[in-house]
2 protein chains.
Amino acid sequence: MTTSSDETRTGVPRPRPGSVGIKEVARYAGVSPGTVSNVLNRPERVAAATRARVEEAIRELGFVRNGSASTLRAGQGRTVGLMVLDLANPFFTDVARGVEDVVSERGYAVLLSSSGGSGEREQRNLLVLAEQRVRGVLITPAADDGEHIGRLRERGVAVVLLDHPTPQANQCSVAVDDVAGGELAVGHLLGQGARSIAYVTGPPSLRQCTDRRRGALRALRAAGIDPAALRDVPVSAMNARAGQEAAARLLDGPLPDAIFCANDLLALGVLRVLLQAGVKVPSDVVLIGYDDIEFSAAAAVPLSSVRQPTYQLGRIATELLLDECDDPAGHAHQQVMFQPELVVRESTR
Amino acid sequence: MTTSSDETRTGVPRPRPGSVGIKEVARYAGVSPGTVSNVLNRPERVAAATRARVEEAIRELGFVRNGSASTLRAGQGRTVGLMVLDLANPFFTDVARGVEDVVSERGYAVLLSSSGGSGEREQRNLLVLAEQRVRGVLITPAADDGEHIGRLRERGVAVVLLDHPTPQANQCSVAVDDVAGGELAVGHLLGQGARSIAYVTGPPSLRQCTDRRRGALRALRAAGIDPAALRDVPVSAMNARAGQEAAARLLDGPLPDAIFCANDLLALGVLRVLLQAGVKVPSDVVLIGYDDIEFSAAAAVPLSSVRQPTYQLGRIATELLLDECDDPAGHAHQQVMFQPELVVRESTR
DNA sequence: CCAAGTCATTAAAACGTGTCAACCCCGGCA
DNA sequence: TGCCGGGGTTGACACGTTTTAATGACTTGG
């Protein structure tokens, strides 16, 4: 043993960190590079004593495996892509939390991307993910065509649709029944005596919006009410500001009995403007949102909403994805569909 | 020109997508692999005609560059890591939005990681980032020691501290003055007549919490009030649930005049329990949070808070990071410090 | 004591790209 | 005509790892 910090007990000079590769580790431990690789990837194949020596060398030299080289040679890496619609929406960040937790547990890494609802940006970012050779992609599609998503799968990238059901049996999907959710919401509004309902909704290209609308109509039909009782109030984004604009437009004409917002961010924006205008919720208008984000319960008037198992959505989707990645042969595609749950609070009482 | 979709006009069979590399493109375009690489990396060096032919081949074959090989050979890739404290906190998701926007604009990709405030998890995830050979890391440190962060930098990874000031001139940091923020908040509370103040705060390992506390004490001192007027109410997490627990504890004893929460999530939790217990805000207690997240304005009692330029924080930090990555030599480290802003709403009026 | 295994280790060949020195072609100049 | 120069292009090697077939040492059963 020497006390010099630059020399090992075998007299091999220690390379500067960053340039230390499997070879240096091998030399330091007195084995071949192949053995070091075995220690990293199939520890059971190497004798306990040598393994210990190699691990010691790894620690001593501060070796960290070069993921690029590994991915290149092995043909597959340990990263997955996550493409969401909107990072500012707690719904998606809750999903992302679930994703990140699972991914981190299994030693993977997650490449984050946001399409912002734009098909073009989605496509551009998917290209970046493809270049990075992600093993799989979790995606809430912005444009419905499934064009470039299909291409991804052809390239051998596992894809799980996130918050997006699919009838096709050749892929996994995890979603919540938005039609049922819309029906729950509007059914509840009707039960509270509402007869005219405004539906504040994002662009029709978003499946979530149209599905919730279909559910709303179904509830009306079930109650024997003219579907015309549902009036669309389209907005261009799904955030609180858009909700404020929607409310301003609503205040221009005669108020409906009830307002159903396609998500809670919209509802919070609507609520704010209504209260400022002196409209009482729920006595003048009843209001319900969707997603049941954490903040809805704490709103000026606690918001009724439709709850989705958001965090679980992210977890399950990621588990499906990684299962497919880790064992593509023995993997059976699943289409998971959760049922939403009505949460009644002051805004509809 | 032939009509077959499997053959090109030159009769070269088209390889299946996924296995098409720079070589296949080269053969298809009738050039050497080196030229294709030049088209990708230094287009100006190749004649317009050949460049067009290569680009055509790329499009035709659906070639996607293998990022791993590229990174391996070039020694550096086009990904950066983002390590946040808590994905469920809108503060960090706003920051993440700024990061993602810039990163996406510049053709980079972002590896997302969350430490959840745990130094151990932070270290584990940093290792994954190092393996992926990220070019840089944006990090809000969970453990203050700067131990493994230093190691990262030694490895040649650019590091920008996010929401974390540093006195050291050898690195970039972007932060908001938390001491000033704490002073603003408590100064305002004192101005409203408060003489006893509870400070609901997370673990002392979080710099944000201790800095805001220092600011609070400074405000007390400036007003000539005994610092003992500030009572700590420590909680183990920085979310709404922890806020609820803190409020429950507060309700056990005599209520203070005012409550200062280390962030808005805590404040929203506190507010909820107070209202349920019949405590009136602001007449019985005044309440102020920190961060001014979007939802604070829409709370049951609109919440006073301390606003930070969150999205900008993410943008600027990323720009600094990428500038350093793209030109390490000509890069001058900067320590950016934003000033927070008091936002007064009903909860303190 | 030998044949047949078993187990641990090794050497060498890939993986797909970037880089760099060498090379070729063509026009201009002496 | 010969030479020079420079833009365009090429070929081959290197990056750090995984993998496979082969080698060697050691055990076991006959």
Side-chain angles (χ1 to χ4, degrees), chain A residues 15-55 57-58 61-79 130-135 155-156, chain B residues 15-55 57-58 61-79 130-135 155-156:
Chain A
R16 57 170 263 270
S19 76
V20 28
I22 220 177
K23 283 184 200 161
E24 285 74 21
V25 174
R27 185 146 35 116
Y28 188 96
V31 297
S32 83
T35 300
V36 176
S37 176
N38 279 335
V39 170
L40 292 173
N41 302 308
R42 301 108 105 190
E44 71 283 0
R45 291 209 190 161
V46 29
T50 31
R51 194 195 318 165
R53 230 167 54 240
V54 170
E55 277 161 354
I58 289 178
L61 299 181
F63 163 79
V64 313
R65 161 224 247 105
N66 185 325
S68 312
S70 174
T71 299
L72 173 59
R73 174 60 234 226
Q76 48 183 350
R78 295 186 72 78
T79 59
E131 283 192 357
Q132 297 301 324
R133 290 300 190 265
V134 291
R135 193 117 160 231
R155 277 216 177 71
Chain B
R16 55 169 264 270
S19 75
V20 27
I22 220 178
K23 283 186 200 161
E24 285 74 21
V25 173
R27 184 147 35 119
Y28 187 97
V31 297
S32 84
T35 301
V36 177
S37 176
N38 280 336
V39 170
L40 293 173
N41 302 307
R42 301 109 104 189
E44 72 283 0
R45 290 211 190 161
V46 32
T50 29
R51 193 195 321 163
R53 233 169 49 240
V54 170
E55 276 161 355
I58 288 177
L61 299 181
F63 164 79
V64 181
R65 168 224 243 100
N66 185 327
S68 312
S70 175
T71 299
L72 171 59
R73 176 62 238 230
Q76 48 183 351
R78 295 186 71 78
T79 60
E131 284 192 355
Q132 297 302 322
R133 290 301 190 268
V134 291
R135 194 117 160 229
R155 279 219 176 68

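Residue numbering restarts at 1 for every chain, and letters A, B, ... go by the order of the sequence lines. For clarity, every value in this text was computed on a predicted model and none was experimentally measured.
Atom P of nucleotide dT18(D) and atom CZ of R78(A) are separated by 11 Å, given to the nearest angstrom. Rounded to whole Å, atom C1' of dC15(C) lies 8 Å from atom CG of N66(B). Between L72(A) atom CG and dA13(C) atom P the separation is 17 Å, expressed in whole Å. Taking atom NZ on K23(B) and atom C1' on dA14(C), their separation rounds to 10 Å, with Å as the unit. The interatomic distance linking E24(A) (CD) with dG16(D) (P) rounds to 8 Å, in whole Å. Rounded to an integer number of Å, the gap from CZ of R27(B) to C1' of dG16(C) is 15 Å. Between R133(A) atom CZ and dC15(C) atom P there is a gap of 14 Å when expressed in whole angstrom units. Taking atom CG on L40(A) and atom C1' on dT18(D), their separation rounds to 10 Å, with Å as the unit.
Remark: the backbone N or O of V39(A) is not paired with any side-chain donor or acceptor of R51(A) at under 3.5 angstrom. Listed for the R65(A) side chain is no donor-acceptor partner under 3.5 Å among the backbone atoms of E131(B). Between the T71(A) side chain and the G67(A) main chain, a donor and an acceptor come within less than 3.5 Å of each other. In this structure a side-chain-to-backbone donor-acceptor pair under 3.5 Å is present from R53(B) to A29(B).
Side chain to side chain, R73(B) and N66(B) fail the donor-acceptor criterion of an N or O pair below 3.5 Å.
A distance of 6.5 Å separates CG in N41(A) from OG in S70(A), rounded to the nearest 0.5 Å. Rounded to the nearest 0.5 Å, atoms CD (Q76(A)) and CZ (R133(A)) are 12.5 Å apart. Between the CG atom in N38(A) and the OG atom in S32(A) there is a gap of 8.0 Å [rounded to 0.5 Å].
The side chain of N41(B) places an N or O atom within less than 4.0 Å of a non-bridging phosphate oxygen (OP1 or OP2) of dG18(C). Between R42(B) and dT19(C), a side-chain N or O to OP1/OP2 separation shorter than 4.0 Å is present. Note on R65(B): a side-chain N or O is less than 4.0 Å away from OP1 or OP2 of dG18(C).
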For L40(B) and S37(B), run side-chain contact (heavy atoms from CB on, under 4.5 Å): C-alpha distance rounded to whole Å, both residues' side-chain angles, the deciding distance at 0.1 Å, then the answer. CA-CA 5 Å; L40(B) 293 173; S37(B) 176; 5.6 Å; no
Polar atom pairs between nucleotides 6-10 of chain C and protein, under 3.5 Å, N or O only, would you list them?
from	atom 1	to	atom 2	distance (Å)
dT9(C)	OP1	T50(A)	OG1	2.7
dT9(C)	OP2	A47(A)	N	3.0
dT9(C)	OP2	T50(A)	OG1	3.2
dT10(C)	OP2	S32(A)	N	2.9
dT10(C)	OP2	S32(A)	OG	3.2
dT10(C)	OP2	T35(A)	OG1	2.5

Any protein N or O atoms within reach of nucleotides 22-28 of chain C? Criterion: under 3.5 Å, listing atom names and distances.
none

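Among the protein residues, S70(A) comes within range of the sugar-phosphate backbone only, with heavy atoms under 4.0 Å from sugar or phosphate atoms but none that close to a base.
Side chain R73(A) to base dT18(D): a donor-acceptor pair is found below 3.5 Å.
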